[in-house]
Amino acid sequence: MGRDPESSDKRAPKPFNTYLKYSGLAIQLVVTIGVAGWLGYLLDNYLSFQFPIFTIVFTMASFGGSFYLLFRSINNSQ
């Protein structure tokens, strides 16, 4: 009447799944920041601004949002 060894294996996260989860988050972070910066660049060029305000604002907003999601994901996994 001990613990079932198979039930503890199901609860333990597999290293391969953890690797895929965090590598996916890294790719998402880079792509999100890159797309936001590119869209800001296009908008700055379309509106003929001399100072790249939309590039900076979109990049910083996506950076903050991506890191918020990253920290939330890390806290949920613990």
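Computation of the quantities below employed the complete heavy-atom set of this structure, encompassing side-chain atoms and omitting hydrogens, waters and symmetry-equivalent molecules.
Sorted by first and then second residue, the side-chain hydrogen bond (donor to acceptor under 3.5 Å, both in side chains) pairs with a member in residues 25-39 form an empty list; sequence neighbours excluded.
Here L69 contributes atom CG and I74 contributes atom CD1; the two are 11.0 Å apart, rounded to the nearest 0.5 Å.
The cluster map of Ile, Leu, Val, Met, Phe, Trp and Tyr, joined by side-chain heavy atoms under 4.5 Å apart, puts F58 and Y68 in different clusters. L70 and F63 fall within the same hydrophobic cluster, defined by Ile, Leu, Val, Met, Phe, Trp and Tyr side-chain heavy atoms under 4.5 Å apart, directly or through other members. L42 and I56 fall within a single hydrophobic cluster, where Ile, Leu, Val, Met, Phe, Trp and Tyr side chains are chained together by heavy-atom contacts under 4.5 Å.
Looking at residues two or more places apart in sequence or on another chain, you find no side chain to side chain contact (heavy atoms under 4.5 Å, CB included) involving V30. With sequence neighbours left out, the side chain to side chain donor-acceptor pair (under 3.5 Å) criterion links T55 to D44. Residues satisfying the side chain to side chain contact (heavy atoms under 4.5 Å, CB included) test with F71, not counting sequence neighbours, are F67. Considering only residues two or more places apart in sequence or on other chains, V31 meets the side chain to side chain contact (heavy atoms under 4.5 Å, CB included) condition with I27, V35. Residues meeting the side chain to side chain contact (heavy atoms under 4.5 Å, CB included) test with L47, sequence neighbours left out: L43, F49, F54.
S62 contributes a side-chain N or O that, together with a main-chain N or O of T59, makes up a donor-acceptor pair within less than 3.5 Å.
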